[in-house]
Each structure stands twice: as structure tokens, then as C-alpha cells.
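Here is how names work: the chains are called A, B, and so on, in the same order as the sequence lines, proteins then strands, and each is numbered from 1. Quick caveat, the model's predicted, so the values are computed rather than measured.
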Number of protein chains: 2
Amino acid sequence: MIRLAIDGMGGDLAPKEIVEGTLLALNRFDNIEATIFGDTALMAPYLKEHPRLKVVHAAKFFDMGEKNVGRDTLKMKDASMIMAIQHVKDGLSDAVVSAGPTQVLIFASYFLIRPMKEMSRVAIAPIVPTISGKPAFLLDAGGNIDAKPEHLVDFAVYASVALREVFNVKEPKVGLINIGTEPGKGRDIDVQTYQLLKDHPAIHFYGNLEPKEILDSEADVLLSDGFTANIVMKTMEGTAKAVGAILKREIKRGFFSKLAAGLFLRKALKNFKKSFSQDEVGGALIAGLDKVVIKAHGSSSAYAFSNGIRQAKMMVEKDVIGKVKNALGKS
Amino acid sequence: MIRLAIDGMGGDLAPKEIVEGTLLALNRFDNIEATIFGDTALMAPYLKEHPRLKVVHAAKFFDMGEKNVGRDTLKMKDASMIMAIQHVKDGLSDAVVSAGPTQVLIFASYFLIRPMKEMSRVAIAPIVPTISGKPAFLLDAGGNIDAKPEHLVDFAVYASVALREVFNVKEPKVGLINIGTEPGKGRDIDVQTYQLLKDHPAIHFYGNLEPKEILDSEADVLLSDGFTANIVMKTMEGTAKAVGAILKREIKRGFFSKLAAGLFLRKALKNFKKSFSQDEVGGALIAGLDKVVIKAHGSSSAYAFSNGIRQAKMMVEKDVIGKVKNALGKS
């Protein structure tokens with residue numbers, strides 16, 4: 001039985017979608033049990049009795065806009081997210097799933113669970129949608145501004161193992177985000193990381209990856225330092241938003257707007273938005289810790305959250321962390 | 001009379017669209033004269049007599065895929081682009097316009113024309129489309145990998161003057177591309193650049209700009225080092241391509257596809273593509289040289305190229321370089 005600790009109060013649509021998503025996951029997967037932490041009065045309308053569900057009251061929770069992290073974060077011992085992380089730290093659960101504020105989750109799990117000894121840095125690896133539909137990890141999207149080449153290589157190993165074990169990608173290819181495809185392109189960190197990836201026994205190296213191909217390449221792992229990958233992630237978001245806005249305006253202006261456009265476009269844009277969301281595949285990995293931590297999308301629906309739980313379950317079931325340790329130990 | 005040197009053979013659609021675009025510009029603007037350099041046999045079908053047009057034969061030209069630059073580049077003295085740049089260097093023209101390969105244009109104009117003494121680096125500043133439709137400069141998109149904060153500030157001053165003089169933006173706002181909006185975010189270069197921009201008399205500082213807002217903010221100058229801005233530019237391109245592909249697929253799949261979709265969508269996507277092109281506004285600035293150099297888009301149509309010429313003409317007419325020198329000298 002895989003034991004999951006759920007932050008019942010994290011996410012824009014918490015606690016409703018989180019509670020319902022947890023119940024959905026319990027029904028979808030019969031080898032999991034969940035402990036959900038949150039305000040029992042607020043969660044009550046959505047809770048149902050389930051033989052594999054425990055509910056634990058948490059008096060507090062973090063605001064979704066919370067970005068300031070520090071000593072006080074860890075002192076919020078009665079916050080739903082901290083209680084869920086503590087449950088894992090204490091060995092009572094195998095993994096945490098939270099749709100709460102990203103910076104808080106990274107900070108708190110870093111200091112409570114600690115990095116695995118084979119990795120000195122922690123990366124955040126969201127799944128990005130590609131044109132082909134296969135999942136790709138973008139990392140480090142979380143902001144290790146002073147990462148070194150060897151940290152990036154560790155991240156690449158982690159993401160490769162996770163893709164193979166959880167998403168059935170047989171030989172995940174690691175692409176190094178760069179301003180040109182030729183070896184030798186980029187900054188010192190890029191040139192050095194290129195050399196390390198090329199020769200690494202646990203990595204299938206795609207080579208340098210220009211972001212104009214980033215969603216349309218063979219690469220499964222989209223790798224860069226925390227500054228650059230964060231900029232890439234946010235530029236994707238900004239561009240997709242701009243394209244959507246410009247397209248809507250163009251269509252409104254068009255001849256056909258008064259005819260089929262209303263219904264037609266609403267449907268197309270909705271599906272499009274779905275393609276660009278992480279609902280189908282799960283959440284972002286917090287990679288590098290000694291336990292599995294999954295950051296579900298802030299606006300997770302029940303279904304999306306149940307896929308975040310699925311991802312956590314698979315990570316534990318397939319012993320991704322053990323395999324990462326093994327791959328890093330051997331190299 | 002403003003004298004322009006035109007690379008007649010640069011661009012995917014050269015020489016046809018370049019020659020036609022030059023003739024179009026001569027008809028649109030009566031205070032310019034042009035010297036076009038290129039293979040006269042290849043250009044002949046599109047050339048027309050014009051009192052303000054001179055044609056000079058150039059035996060060679062650079063392939064659009066040319067990326068390797070070095071000593072041999074400058075030895076191609078009979079290449080159309082080199083001849084056009086040389087014409088400006090010799091004081092026979094006031095500005096160069098080329099749709100040829102970017103790296104070659106930057107390299108050759110850097111070594112032939114030289115940077116202005118107030119700036120030690122040269123940046124490339126493409127115009128990017130924003131949701132509101134106003135033009136914004138993204139720079140340095142060209143790859144000054146080892147740029148320092150003071151170089152970025154020089155770039156910002158140049159772009160601000162150009163926006164004010166050429167595009168009538170009264171108080172161009174400079175946004176520093178960063179992973180967060182708070183001061184203190186980012187790498188050392190970002191933190192230092194933030195301080196310099198904040199206090200600069202010739203700059204209206206917007207603050208840090210997260211790329212998720214990059215096409216939807218008040219900022220007119222989107223500033224970062226050559227690595228980061230190049231990554232941003234290419235990520236925009238890659239994302240727009242992916243969004244287009246996913247949207248097309250979704251629409252094909254949709255219920256309405258057999259009805260109005262064909263015509264309807266073709267029109268909307270075409271307009272959308274146009275919004276995302278630089279046709280309407282001109283080309284990229286090569287900023288920091290002692291003369292005006294405009295890089296028209298590689299796939300320029302005649303109309304787009306004539307707007308690149310318009311931009312060069314305005315840069316000369318409004319003495320942008322003199323005003324930049326003045327602004328940098330005072331600071």
C-alpha cells in the first residue's frame with residue numbers, strides 16, 4: 001500500500017477540488033491510501049467516508065500568493081502543507097502532493113525532508129506540453145541561480161529516470177537549452193554541461209536545443225539553469241497568452257464572427273487550453289529530495305489533482321528515488 | 001536627401017522582393033535615394049528605371065544559412081552585403097538595409113563601420129509584437145554572452161531614443177527581463193543592472209519584467225543580456241509555432257471543422273501570423289554602431305522590406321545616433 005500525504009488546503013480551488021480529487025484517486029487506484037490535512041469544517045461538504053482515507057485537522061494554510069519564505073515558514077507547524085510534509089518526514093507517508101504555493105512547498109520540503117545525499121540542489125521540473133503530445137520535463141524551472149554544470153547533470157539524471165519509470169519513455173533524451181545547436185555555443189556553464197552530458201552513462205544526450213524547437217523536438221528533458229529555464233517557462237506562458245489574445249481579436253474582426261465563430265471558437269480554445277495545461281499528466285516534480293514531492297498545478301481541478309496523485313504513486317511504486325540514487329552513485 | 005545602401009541579394013525572397021521593396025520605398029518616400037548592390041542579371045527582371053535609384057553589380061552574396069563568420073567574411077569584398085556596408089563606411093550612403101544572414105551582417109558591420117565610441121558593444125534589437133499592437137524592442141537578442149550591466153544600460157538608452165524618435169513613443173519604458181518582479185531578483189548582472197536603470201536620467205524604468213507578461217505590459221524596451229534575450233526570442237517563436245500547430249489540430253478535430261472552419265480559420269491564422277511578423281514595423285536594429293544598420297526580416301516581402309527602409313530613413317532623419325551619443329555622453 002502506498003501512503004500519500006495530501007495538502008487539502010493548497011490550490012486556487014481548494015479545498016473542494018483537492019478533496020474530490022483525492023477521493024477520485026482513491027477510487028482510481030486501489031493500492032494507495034491517503035491522509036488529507038486541512039480545515040475539517042471547510043473540507044466537510046466535500047468529504048466522504050472512504051476505508052483508505054484519513055482526515056487530519058490543520059488549523060492554518062498558506063495563501064496562494066505567498067512568496068516570502070524563511071524561518072517563519074517552518075514555524076507554521078499547524079499549516080496543512082507543513083503537516084503533510086512532516087508526515088512524510090516522520091515516515092508515516094511515502095509522498096506529499098500539494099497544489100499550494102510553489103516557493104513555500106520547495107522551501108519547506110527542502111528543509112524538512114532534506115535533499116538526497118547524492119544531490120546537493122533541488123530543482124523544480126514542470127511538465128510542458130509538446131506538439132506531439134508526449135510529456136517533457138522542463139528543469140530547473142525553480143531558480144537555482146548559481147547552479148553548476150554537475151548540478152544540471154544530476155537534474156537530467158533524475159528527470160530521465162522519472163520519465164522512463166513513470167511515463168514509459170524508453171530512452172528519454174536530454175536537450176540542453178541553448179542559443180545555437182553547435183557544440184561550444186553558449187555560456188561557460190552551457191559548454192561545460194554539454195561535455196558532461198555527452199559522456200554520461202545514464203543519459204541519452206540530444207545535444208543543444210534552441211527554444212524555437214523546444215516544443216517540437218525529440219528531446220524529453222529540457223534542461224538549463226534555474227534562471228534560464230524559469231525565463232523559458234514564463235516566456236512560453238506569456239507567448240501563449242498573447243497568441244490567444246491576438247487570435248481572439250482577429251477572429252472577432254473576421255467576416256465569419258457573426259456566424260459560427262462563437263461556439264466554434266469557444267470549443268477550439270477550450271481544447272487548446274487543455275492541451276497546454278498539466279491536467280492530463282500530473283504535476284511538477286520537486287527533484288532532488290529524499291522523498292517524493294509533487295506540486296500539482298495551482299488551479300488543479302479534481303481530475304488534474306488525481307493525476308498529480310497518480311504521479312506521486314508511480315514515483316513511489318517504481319522507486320524512482322532509489323533508481324536515481326543508483327544512477328548517480330554509479331556515474 | 002537620405003542616402004541608403006541596399007543589399008539586393010539578402011533574404012529568402014531576394015532579389016525579387018528586395019528590388020521591388022526598394023522601388024516601393026522610393027515611391028513612398030521622396031526624400032530618399034538608394035544604391036542597390038547585387039547580381040544585375042538576377043535583379044534585372046524586377047528593376048525599373050528610377051531617378052533616385054542606382055544599381056551596382058555585386059558578383060557574390062552570402063547564403064541565408066551562413067553562420068560561420070570570421071576573417072574570410074570581410075574578404076568577400078564583392079559580396080552584395082559587404083559592398084553595401086562599405087558604401088556606408090566610405091561615407092557614400094547614410095545607412096544600410098539588409099535582409100541577409102544576421103550573424104554576417106552583425107559581424108561585418110561591426111568590423112567595417114565600428115561601434116560608436118560611447119558604446120563598446122553592439123546589440124541586435126528586433127521588434128516584437130505586443131498584445132496592444134505597439135512596437136517593443138527586445139534586446140540584446142544577438143548574443144553578447146559576456147555583457148556587463150553598463151552595456152545593458154547603453155542598449156536601453158539606444159532603444160529608448162529609437163522608440164521615441166522613430167516610433168513616436170513619448171516616454172519609452174525599459175523593462176528588465178527577470179524571474180520575479182521584486183528588486184533584488186535574479187543574477188548579479190540583473191541586480192546591478194536594476195540599480196543602474198533605476199537612477200539613469202535618460203531612462204524611464206519600468207522595473208523587473210517577468211516574461212509571462214512580456215507581450216502584455218507597459219514596457220517598450222524588453223532588456224536582458226544576449227544569452228537570455230536570445231532565449232526569450234526563440235522561446236516566443238517556438239511557443240507561437242506550437243500553439244498554432246496544436247490549435248490547427250484541435251480545430252480539425254472539432255465538430256465545426258467540416259463547415260466554416262476551412263475558410264474561417266485560414267483567414268484568422270493568416271492575420272494572426274501577420275500580427276506576429278515584423279512586416280508592419282520594420283526590421284531589427286543593429287544598435288551601437290556609428291551608422292544606421294537595419295536587419296530586415298529574412299523572409300521579407302517587398303512591403304516589409306520597404307518598412308525596413310522606412311525605419312533606416314527615420315533613424316537618419318531624426319539623427320538617432322547623434323541623440324544616443326548625446327544621452328550617453330551626459331550620463
Side-chain angles (χ1 to χ4, degrees), chain A residues 67 129-131 133 143 145-146 177-180 182 185-188 190 210-216 224 226-228 230-247 249-251 253-257 259-261 263-265 267-272 274-276, chain B residues 67 129-131 133 143 145-146 177-180 182 185-188 190 210-216 224 226-228 230-247 249-251 253-257 259-261 263-265 267-272 274-276:
Chain A
K67 282 180 178 174
T130 63
I131 295 181
I145 282 172
D146 56 345
I177 295 171
N178 208 332
I179 56 172
E182 307 85 347
K185 277 280 175 181
R187 305 156 300 175
D188 289 345
D190 307 308
E210 280 191 288
K212 64 186 176 186
E213 311 298 338
I214 199 161
L215 300 174
D216 192 21
S224 196
F227 184 86
T228 306
N230 190 281
I231 290 285
V232 166
M233 182 180 70
K234 286 176 176 158
T235 303
M236 284 182 184
E237 189 180 341
T239 309
K241 199 171 70 174
V243 169
I246 291 174
L247 203 59
R249 192 173 60 201
E250 287 307 322
I251 283 170
R253 195 185 281 173
F255 177 70
F256 288 90
S257 62
L259 305 175
L263 256 175
F264 169 66
L265 188 73
K267 199 176 143 80
L269 279 179
K270 196 178 150 191
N271 280 336
F272 152 69
K274 206 168 154 188
S275 312
F276 249 75
Chain B
K67 282 181 180 174
T130 62
I131 294 180
I145 282 172
D146 55 347
I177 296 171
N178 208 332
I179 55 173
E182 306 87 345
K185 277 280 175 182
R187 305 156 301 175
D188 289 345
D190 307 309
E210 278 192 291
K212 65 185 176 187
E213 310 298 339
I214 198 159
L215 300 174
D216 193 19
S224 195
F227 184 86
T228 306
N230 189 281
I231 291 285
V232 165
M233 182 181 70
K234 286 175 174 158
T235 303
M236 283 182 185
E237 189 180 341
T239 308
K241 200 170 72 174
V243 169
I246 291 174
L247 203 57
R249 192 174 61 201
E250 287 307 323
I251 282 168
R253 198 185 279 173
F255 177 69
F256 287 91
S257 62
L259 306 173
L263 255 173
F264 169 66
L265 189 73
K267 198 176 144 78
L269 279 179
K270 197 179 150 190
N271 280 338
F272 152 67
K274 207 169 153 187
S275 314
F276 249 76

### Counterpart residues, side chain to side chain donor-acceptor pair (under 3.5 Å), relative to B:Glu210 (two or more places apart)
A:Lys234
#### Entry: With B:Lys241 via side chain to side chain donor-acceptor pair (under 3.5 Å) - residues at least two apart
A:Glu213
### Query
What is the distance from atom CG of B:Asn230 to atom NZ of A:Lys212, rounded to the nearest 0.5 Å?
9.0 Å
## Note on the structure
To the nearest 0.5 Å, atom OG1 of B:Thr228 lies from atom CD1 of A:Ile231 at 6.5 Å
Check [X] against [Y] and note the closest heavy-atom contact, atom names and distance.
{"X": "B:Leu215", "Y": "A:Ala242", "value": "CD1-CB, 3.5 Å"}
{"X": "A:Phe227", "Y": "B:Asp190", "value": "CE1-OD2, 3.3 Å"}
{"X": "A:Thr235", "Y": "B:Val232", "value": "CG2-O, 3.6 Å"}

### Query
Side chain, backbone, both or neither: which part of A:Asn178 has a heavy atom under 4.5 Å from chain B?
both
### Task
Look at A:Gly180, A:Pro211, A:Gly238, A:Ser224 and state which one has the largest set of heavy-atom pairs under 4.5 Å with chain B.
A:Pro211
